[in-house]
Amino acid sequence: MLSQESLQQIDREVAKYPADQKQSAVMAALRIAQVEKGWLPQELIAFIADYLEMPAIAAYEVASFYNMYDLEPVGKHKITVCTNLPCALSGGVHAADYVKQKLGIDFNETTADGKFTLKEGECMGACGDAPVLLVNNHHMCSWMTKEKIDQLLADLESK
Amino acid sequence: MLEIEIDGQQIQVPDGSTVMDAAAKIGSYIPHFCYHKKLSIAANCRMCLVQVEKAPKPLPACATPVTNGMKVWTHSESAVKAQKGVMEFLLINHPLDCPICDQGGECQLQDLAVGYGGSQSRYQEEKRVVLNKNLGSLVATDMTRCINCTRCVRFTTEIAGEMELGQAFRGEHAEIMPFVEKTVDSELSGNIIDLCPVGALTSKPFRFAARTWELSRRKSVSPHDSLGANLIVQTKHDVVKRVLPLENEAINECWLSDKDRFSYEALNSAERLQRPQIKQGGEWREVDWQTALEFAANGLRGIAQQHGGQGLGALLSPHATVEELYLGQKLMRGLGTDNVDFRLRQTDFRADGRRSGAPWLGMPIAGVGELDRLLVIGSFLRKDAPLLAQRVRQAAKRGLQVGVVGPTAEEWLLPVRSRMVVPPSGMVSALGQLVRALSEQKSVVVSEAFVSSLPAAVSEEASTLARLVGSGERVAIWLGNLAVQHSQAAELEALACEIGRLSGGRAGVIGEAANSVGGYLAGAVPSGTGLNAKGMIDSPRKGYVLLAAEPDLDFADAPRTQAALQSAEIVVSLSAFDSPALRESADVLLPIAPFSETSGTFVNCEGRAQSFNAVAKPLGECRPGWKVLRVLGTLLGLNDFAYEDSEAVSKAALGADYTRKLAGGETFHVAEAASVTDSGAGLERVADVPIYFADPVVRRSAPLQKTKDAAVPVARLSPATLAQLGVSSGERVRVGQGSGTVELVAAADETLAAGCVRIAAAHRTTAALGALSGRLSVERA
């Protein structure tokens with residue numbers, strides 16, 4: 001179900017824990033799986049659970065708890081805007097509204113061309129940089145004014 | 001010990017106690033939802049907040065350990081304020097639908113809302129809605145009512161041994177669910193209904209059937225497995241509506257297996273026999289009791305006069321009560337025969353007269369918690385005795401090490417440290433190796449009786465397993481149903497006793513049915529020259545008395561049993577249920593009451609006699625079995641049948657100190673060879689009696705028959721054996737055993753020993769196969 005490379009990465013994570021506690025690596029394993037497949041279909045979660053010798057529902061608990069795991073397909077670029085209180089006080093909601101207007105989609109929607117998905121995020125631990133947003137879970141963007149959002153979207157569009 | 005003051009009362013509690021434990025000790029009730037004494041502590045409902053001296057905030061009583069000199073107030077102004085605050089939050093998303101909720105009247109949330117809830121809600125926004133889940137045919141869901149206490153999640157994980165439910169999503173989106181589209185298939189699943197403090201999980205069969213206050217609560221005892229779980233049977237207008245556990249720490253704790261809980265659905269099934277019937281000229285005719293009883297008595301008397309008492313035989317069910325079994329055997333002995341037996345699925349009786357008494361578990365059920373080594377021989381433990389397996393599961397967490405010998409390594413959801421997977425024909429040798437290895441490891445001399453027959457070499461597996469068994473201080477050796485039904489059961493039992501002697505432990509038998517011990521105590525076994533269950537089939541009798549047993553499903557060899565019964569001149573069948581096979585075999589059908597409609601006694605595997613009363617009036621013209629036998633005895637002019645009540649019968653059956661009649665577990669010697677010798681060719685049959693096929697009552701419980709455990713039997717083979725046969729999993733195969741042939745679907749089973757076919761017994765699709773063990777052929781259909 002996963003490439004040899006991903007499995008090797010998972011094995012490396014598993015090796016960090018005692019042999020009878022393989023399930024400790026579930027978060028890393030789900031992350032690695034999502035990087036390869038783009039999102040986490042149920043069969044993939046079941047596969048990871050099986051691989052780590054844990055109940056499927058326990059892996060699903062983790063996958064559904066953290067909002068960086070995607071349980072549904074997402075576009076090529078996933079933009080997650082933080083709307084928690086500190087961000088909201090510094091324009092987070094406005095930034096989100098601007099992205100919505102630019103892309104013509106609401107939260108949890110994907111553009112028709114499959115390029116962008118917009119998500120509402122939770123605190124990213126950089127309240128001083130508000131408003132912040134996250135691209136594809138790995139790239140964080142700070143002080144997102146309208147200009148910077150224009151620039152970001154243009155960059156992503158061309159990728 | 002720690003000193004603590006709760007609500008002004010000074011008490012001492014053991015180290016490690018929580019405030020909740022301490023409060024329970026003085027009888028002070030702290031409101032709670034997620035806390036349960038048998039489950040791990042979650043502290044997520046926050047209802048049990050109490051005031052603790054010097055703590056700045058209220059603390060959850062269930063998760064706060066007692067410290068020395070602690071001062072706690074459970075009902076102070078601050079505590080109650082906190083509890084009321086929690087209640088307001090819990091009610092925010094809880095629907096106000098008590099009038100249409102099945103939990104109404106027995107709902108912890110409803111009860112506590114009376115004390116701690118506001119009369120009006122300050123919450124004006126929309127409540128959340130959670131989609132219902134399909135958990136199978138036993139548990140109904142209304143997930144919007146869920147307060148996320150996670151008791152059900154913890155139960156499946158900790159007690160049932162497999163996490164079948166989980167809490168997915170987060171915060172206000174959190175919901176309890178199985179993994180996508182899965183059902184809850186545990187044999188203990190019904191307990192989550194009791195555990196749910198709200199109406200989120202309710203009983204599907206009982207749904208909307210009655211309100212708790214309309215029901216009478218009566219105590220009873222489960223007639224199914226050998227544990228004898230204590231029941232509260234709830235009835236309305238003499239109809240059993242629901243079964244709940246009666247807490248008994250020594251037996252079932254606060255749990256019930258689904259078999260005990262949902263079998264009641266069969267009590268009012270259309271297949272209940274309601275009127276006496278006789279067969280005349282091949283036609284069945286309903287008659288009154290007098291006619292039927294006289295017909296039966298005359299038939300039996302006729303055989304006794306013509307062929308002597310030896311012409312008769314009685315085959316009694318191990319699920320029958322002590323009273324029925326006692327009067328059944330007394331009837332036969334009165335008619336001048338010792339041909340009486342209740343061990344219908346057993347084939348080897350050579351241990352009779354050699355073991356010192358009635359085989360039983362050899363220890364109290366609650367003693368499982370204190371064991372440190374357990375050897376289980378030839379058992380389908382998890383499905384055959386679900387609550388015993390549950391005890392082993394808990395004990396394993398505290399350090400009990402389990403070893404297993406048997407033809408399958410099926411999943412028991414508990415850690416098995418060491419096992420020998422051997423085909424049935426290899427089990428005697430496996431135990432022999434264990435005996436040899438133990439004697440070498442412990443430097444104890446093997447009993448003389450075994451010296452000559454022990455295998456010369458000891459395998460690596462046997463020596464590992466022997467080290468496990470031999471290294472314990474409190475050791476038990478249990479023989480399961482497969483071992484007892486084995487064609488060399490006597491050797492297995494003798495060797496188990498010897499293993500017990502060598503390891504300083506105690507051998508015992510788990511037992512197949514509610515009265516597997518009681519039958520022995522009631523004398524429902526042949527003595528002297530009397531024929532046992534197998535003998536009565538092998539050399540057919542002219543007349544039979546059949547008690548609560550179905551010829552095609554309850555015997556070791558169904559086709560031969562049916563043939564023997566059909567060739568008899570008269571078969572008197574006392575049964576609660578009707579069936580085509582019974583009609584083919586019997587000449588008189590006497591409707592007797594199932595456990596719910598008769599008083600009686602079961603002796604469970606730990607040798608505890610538990611008497612119970614009827615919880616409902618007999619259906620139709622049914623009569624309690626012991627009364628029918630009493631009248632039959634009187635009609636036949638036999639002495640001493642004038643018992644006043646069932647208590648008098650059980651007193652006569654068990655005597656003052658019946659526990660003296662239990663086997664001591666001493667090693668014994670089997671001299672003569674087994675009657676069935678292994679031909680050595682073909683595949684070996686491994687037959688389990690699936691949990692929901694095991695007795696006439698459970699077979700007719702519709703909700704249980706819809707579960708996965710009641711699936712139509714398949715022919716399970718190890719992948720290697722499948723490959724040898726050139727058959728792939730899912731294909732249909734023709735299975736032949738003796739003269740019987742059936743067609744089944746083949747399935748790969750990696751847990752099975754090579755060269756074996758596991759085919760469930762006690763099902764109509766496999767009944768034609770006959771013996772529960774032996775060789776059979778498998779080919780593609």
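Letters go in sequence order (proteins before strands), and every chain restarts at 1.
Shown here is B/Tyr123, whose OH atom has more than 12 heavy atoms of other residues, nucleotides or ligands within 6.0 Å.
Of the atoms belonging to A/Ala46, heavy atoms from both backbone and side chain fall under 4.5 Å from chain B.
Among residues at least two apart or in separate chains, salt bridge (charged side-chain N to carboxylate O under 4.0 Å, His left out) pairs with a member in residues 141-153 of chain B are B/Asp97-B/Arg145, B/Asp142-B/Arg145, B/Asp142-B/Arg207.
Under the rule for a side chain to side chain donor-acceptor pair (under 3.5 Å), the partners of B/Arg122 that lie at least two apart in sequence or sit in another chain are B/Glu88. By the ring-ring contact (aromatic ring centres under 6.0 Å, His included) test, B/Phe262 pairs with no residue at all, sequence neighbours left out.
The shortest non-hydrogen separation linking B/Phe179 to A/Ile57 is N-CD1, 3.7 Å.
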Are there any donor-acceptor pairs closer than 3.5 angstrom between chain B and chain A, and if so, which ones?
| unit_1 | atom_1 | unit_2 | atom_2 | d |
| --- | --- | --- | --- | --- |
| B/Gln167 | N | A/Glu61 | OE2 | 2.5 |
| B/Phe169 | N | A/Ser64 | OG | 2.7 |
| B/Arg170 | NE | A/Phe65 | O | 2.6 |
| B/Arg170 | NH2 | A/Phe65 | O | 3.4 |

